[in-house]
Asks: 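One structure follows; several queries about it will come next.
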Number of protein chains: 2
Amino acid sequence: MGISIKEASEKLGLAPHTIRYYEKEGLLPALQRDEYGNRIFEEKDLESISLLNCFRVTGLPVATLKQMVDLTLQGDSTIPQRAAILREYKQDLVRQQQELDRAFAIVNMKLSKYDLLEQGQLAPQDRMGL
Amino acid sequence: MGISIKEASEKLGLAPHTIRYYEKEGLLPALQRDEYGNRIFEEKDLESISLLNCFRVTGLPVATLKQMVDLTLQGDSTIPQRAAILREYKQDLVRQQQELDRAFAIVNMKLSKYDLLEQGQLAPQDRMGL
DNA sequence: TCTTGACGTAAAGTACACTTTAAGCCGTAT
DNA sequence: ATACGGCTTAAAGTGTACTTTACGTCAAGA
């Protein structure tokens, strides 16, 4: 049925330690164990972890994820609080999007400038920092 | 002519300490001082710091920024190395862009689902984690 | 049987980027 | 004249998210 932490780790691209850490922090409250106490991962667990990881790598702190999980365990009455957290998080995603756009623009500009310089097409006074 | 660290800090939205930290790490090698040793910031310094900050908040480590600054100080012969760093960084920006897109999609889906649930329009079995 | 490898826990350690602390100098306002 | 606010330095401290270590259990293969 379910898979081991090693297999889950490989499917998710996360270290086994990181998954144990997430469980210890209360991010995976429904994880099953086998007769020896080993964690068993089903498809829904992999999806949960993948979602947690997606939010994590885009800047949502572990503590906030924990808060969301706890609210979810309390039932539908906490939906307004969860929605509030998500709306704030979304604002942050927008900010990150803007920063990413700016970084892209600068990198592309510099890379084309480097190309021209390597071909000797650009005068020195047209150069810029970094 | 130039402005103080306090003013620069306000213009950039960075703590004065952070700017001093960047200078100490070698990220600002050309910063001028006044007769009392106080840092003086000109427009080009603000631009440099703003660029450094843009790259930083989009995941480029301080150590890599330092590497770029050092290479730049060595002249045009290091352009190939700088271009290589920027290309790798750009790859990472693409990865971040994808993660951001996924996070946006999930957040939007959840927010609309919350809206429907609050209106009692959605059956319980249609609900999802978090 | 015994070693190997994967799993477990708890706790300490690491990496990164600041951030705070401590101590001191400088020019102006009271 | 002396206290205040802003600047300086060097070094220690903080927060976050892992990551590593140390130690122990278990089941299968040589």
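The model shown is predicted, which means the values in this text are computed figures rather than measured ones. Quick note on labels: first sequence line is chain A, next is B, and so on, each numbered from 1.
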Asks: Nearest heavy-atom pair of A/Leu14 and A/Asn53: which atoms, and what distance?
Replies: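 Heavy-atom minimum between the residues: CD2-OD1, 3.6 Å.
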Asks: Rounded to whole Å, how long is the line connecting atom CD of A/Glu7 with atom C1' of C/dC7?
Replies: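 These atoms are roughly 13 Å apart.
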Asks: Passes salt bridge (charged side-chain N to carboxylate O under 4.0 Å, His left out), B/Glu88 versus B/Arg82? Steps please.
Replies: CA-CA 10 Å; B/Glu88 199 174 326; B/Arg82 283 183 261 162; over 6 Å; no
Asks: Evaluate B/Arg102 against A/Ser50 for side-chain hydrogen bond (donor to acceptor under 3.5 Å, both in side chains), listing each step before the verdict.
Replies: CA-CA 11 Å; B/Arg102 188 172 166 224; A/Ser50 176; 2.8 Å; yes
Asks: Could you check whether A/Arg20 gets within reach of a base, just the sugar-phosphate, or nothing at all, counting any heavy atom under 4.0 Å?
Replies: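 Base: the residue A/Arg20, judged by heavy atoms under 4.0 Å, touches a nucleobase.
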Asks: Run A/Thr58 and A/Tyr89 through side-chain hydrogen bond (donor to acceptor under 3.5 Å, both in side chains) and show every step you take.
Replies: CA-CA 9 Å; A/Thr58 51; A/Tyr89 170 44; 2.5 Å; yes
Asks: At what angle, to 10 degrees, do the two end axes of the helix from C/dT1-D/dA30 to C/dT30-D/dA1 meet, given five pairs define each axis?
Replies: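 The angle separating the two end axes equals 30°.
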Asks: Under the salt bridge (charged side-chain N to carboxylate O under 4.0 Å, His left out) rule, what do A/Glu23 and A/Arg33 come out as? Steps first, then yes or no, please.
Replies: CA-CA 12 Å; A/Glu23 193 200 19; A/Arg33 303 291 184 119; 3.1 Å; yes
Asks: With rounding to the nearest 0.5 Å, note down the distance linking CD1 in A/Ile19 to CG in A/Leu31.
Replies: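 Rounded to the nearest 0.5 Å, the CD1-CG separation comes to 9.0 Å.
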Asks: As a test of understanding, state which of A/Gln96, A/Gln97, A/Arg95 forms a side-chain hydrogen bond (donor to acceptor under 3.5 Å, both in side chains) with A/Glu99.
Replies: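 Going through the options one by one, the only one that passes is A/Arg95.
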Asks: Looking at B/Leu27 and B/Leu52, what are the two nearest heavy atoms and their distance?
Replies: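 Nearest heavy atoms, B/Leu27 then B/Leu52: O-CD1, 3.6 Å.
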Asks: If you look at every heavy atom in A/Gly26 and A/Val69, which pair is closest and at what distance?
Replies: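 That closest heavy-atom pairing would be O-CG1, 3.5 Å.
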Asks: Under 4.0 Å from any heavy atom of chain B: name the first and the last nucleotide of DNA chain D that qualifies, 5' to 3'.
Replies: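 Terminal contacting nucleotides, 5' to 3': D/dG6 to D/dT9.
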Asks: Determine, for nucleotides 12-28 of chain C in 5'-to-3' order, which nucleotides have protein heavy atoms under 4.0 Å from the base (write B), from only the sugar-phosphate (write S), or from neither (write -).
Replies: -----BBBBB----SS-
Asks: If we ignore angles and hydrogens, is there a donor and acceptor under 3.5 Å between the side chains of B/Thr18 and B/Arg56?
Replies: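 No, because no side-chain N or O of B/Thr18 sits under 3.5 Å from a partner of the opposite role on B/Arg56.
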